[in-house]
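Read through the structure below, which is laid out as structure tokens, and then see the notes.
If you're wondering where the values come from, they're calculated on a predicted model, not measured in any experiment. Letters go in sequence order (proteins before strands), and every chain restarts at 1.
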2 protein chains.
Amino acid sequence: MSVSRTPATMTEIAAALGVSSATVSNALSGKGRVSAELTAKIRQATVDLGYVPSQAARTLRTGRTGVIGLVLPDISNPLFPQIAQAIEQAAAAAGYGVLIADSRGEIAQQTAAIGRLIERGVDGIIIVPRRGSRVGEIGTPVAIIDSPSTPGNTVSSDHWDGGVQMGRHLAGLGHCKVLLIAQSSASNVQNDRIGGLKAGLGKNICHETLLVENLEAIKGAGCALGLAAKVADGFTAFAAVYDLLALRALTELQRDGTEVPRQASVSGFDDLVWSSVVTPPITTLRQDLATIAERAVEALSDAITDSETPFGGPAVAKQSVEGVAMTLVVRQSTGQAMEPVVVPVADTREDSR
Amino acid sequence: MSVSRTPATMTEIAAALGVSSATVSNALSGKGRVSAELTAKIRQATVDLGYVPSQAARTLRTGRTGVIGLVLPDISNPLFPQIAQAIEQAAAAAGYGVLIADSRGEIAQQTAAIGRLIERGVDGIIIVPRRGSRVGEIGTPVAIIDSPSTPGNTVSSDHWDGGVQMGRHLAGLGHCKVLLIAQSSASNVQNDRIGGLKAGLGKNICHETLLVENLEAIKGAGCALGLAAKVADGFTAFAAVYDLLALRALTELQRDGTEVPRQASVSGFDDLVWSSVVTPPITTLRQDLATIAERAVEALSDAITDSETPFGGPAVAKQSVEGVAMTLVVRQSTGQAMEPVVVPVADTREDSR
DNA sequence: CTGAAAGCGCTTACAG
DNA sequence: CTGAAAGCGCTTACAG
């Protein structure tokens, strides 16, 4: 059991073995320039003496820090924990550390945050842009996670298909009057989801879209979305584009005496932690953030490599061919999460987008 | 307007001005060893040539990276975004970058995460420990954010006082039968809040504590907390130790036909983003995370400095003298957030703790 | 007030 | 297969 002591340097282990530090370096980097026996001895010494490589020295020499930055402009985004976790996991697997940058509010803050990351020497940056903001050239490799319809997007969930899944699910349940609830028409993600929902519901189901432009406005018990009137009007399903809106809808319906899901069902997107804790739980779509994070890190990693070859072209991560599938999590109408509804495979996408 | 070009090095700006790099370094570090005029010229050149300091070189020389690690073992903690944001903000102000480490689940993961941070050379680590886990010596300065009653805690909200505030608020509203809802008796934070609540309610108000040991068990519409029975039993206030439990209580009550807040009021802790969006909104206590983050970063920064002076003692951040105050956010019974209720200043703490 | 020099710990051509 | 040497960009005593 090795006791922790002062970590040894490469020069020290070289001295201890009577070889040169160049040899130690070569052995450890495993480029096959050192005999198997010597390599084994060096490996052993590494353990015995408690060698800890100096990232700083390595960086100074190679120009790479092995750290990527993560910018989530809208840090109040409830998805933040999951995204951050997924990115950190994927980055660690690829040998990168993750430096976070906060940039709440203003675009200026976002620029400043990116600046701080660059000063710290990150090799590249992953950005989840705030609605409507475009990320310009920043002289550092970048990967963007947003929506397939965002220009420059690198990878994202297939929000459109998610909408289709939900639309078909609701149609399958027999709803014929559905209220779609969105918040911003400037959000590509929301637009994709709404578009998919409409396509999934098909032409025979009546739907209407409620746009809650100002989230602040619906805070408090005073202001209502007017959902009770919608129920009276025959709407039986309320499909929000994200769980927070669904939660608002659920509580408002309940407060006004509507029985959920008997009289009206409520659904959202993203499967936030509380989606399954509320009563009744909310039917929603879960993003596969692990896959998204992996692809983002991979694309960024490629861009970083490219940016080092002279004339390697702009260091922008290539776009993934297709969006990552979302998973339908059905909770209402049974009170238990059940298997995703199997829907006939057909591309409703081309014709309605 | 300076166009972005290849960032200049310190040696380059020295050459451009015909001075030595040592002088440039001294001028920039502002230790007053360089004449005012020369310093001004150097500053200017810095801007003109687009000087970007090399953190790697600096680190190699000084042994400090200027980066601290952030470990949030329970990353599903809904407070994560706010905490991460607050820490990043405070760290940036103090000149530090923040490297995140995920350690979901196992304690082993937590150890591995800390190891990754250390390998990247962080100067210190801020930890929000998972319930019950104790953080041992790790050979790197550490600051812990948890609860005043956690051994080794560096700084935290005054959860006990928060409980007292809520207890008094409920008492002032005239409730005489209150159900306290907690989840784990192993959590110091929850225990503090419960203790404070009881003290704040005083001896004349009837209360009972419901312990929801297994959060999974209350998921779904099937399993209930049995709140309807409590209402029938005369309980008029449901005080949860965190908002997620309050949300569960609210939706369960509403689903079962209880009018909130007319028949029963619901309160939580932490003021999560949706607390004000549900209908009716939830009365809760907001943590002053900005202050907590500042103190944590400051304490850690001190510990880092100490750890460098020989025999500077163990590199553990000192405990803040007192917990950071929480703010009562009253939302129910008016439908609007109103000013915190003013309570008589008296220390109910000593006698009941 | 300013400069020459050493060195932090690695990696990378280049010789042997 | 192994080693000597240079150099990444800074900072820090130490002289002048």
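- Of the residues listed (A/D158, A/V155, A/L289), the one engaging A/V324 in a side-chain contact (heavy atoms from CB on, under 4.5 Å) is A/V155, and it is the only one.
- Rounded to a whole Å, the CG atom of B/L28 is 15 Å from the C1' atom of C/dT2.
- We find the OG1-CE distance between B/T23 and B/M10 to be 10.5 Å, quoted to the nearest 0.5 Å.
- Across every non-hydrogen atom of A/G63 and A/D123, the tightest pair is O-OD1, 4.4 Å.
- Side-chain contact of A/N188 with A/T150: a donor-acceptor pair under 3.5 Å is present, judged by distance alone.
- Looking at every heavy atom in both residues, A/R58 comes nearest to A/P53 through NH2-CB, 3.2 Å.
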Determine, for nucleotides 6-16 of chain D in 5'-to-3' order, which nucleotides have protein heavy atoms under 4.0 Å from the base (write B), from only the sugar-phosphate (write S), or from neither (write -). BBBBBBB----
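- Between B/E37 atom CD and C/dT2 atom C1' there is a gap of 13 Å when expressed in whole angstrom units.
- In this structure, the nucleotide among D/dT2, C/dT2, C/dG3 sitting nearest to the side chain of A/V34 is D/dT2.
- The side-chain contact (heavy atoms from CB on, under 4.5 Å) search around A/R61 returns none, not counting sequence neighbours.
- Paired regions of DNA chain D, where each region holds three or more successive Watson-Crick or G-U pairs whose two hydrogen-bonding distances fall under 3.5 Å, are C:1-3 with D:14-16, C:5-12 with D:5-12, C:14-16 with D:1-3.
- Pairing each heavy atom of B/L300 with each of B/A143, the nearest pair is CD1-N, 3.8 Å.
- Dashed line: the shortest gap from a side-chain N or O of B/T23 to OP1 or OP2 of C/dT2 is not under 4.0 Å.
- Residues B/R64 and B/Y96 form a side-chain contact, since some pair of their non-hydrogen atoms from C-beta on lies under 4.5 Å apart.
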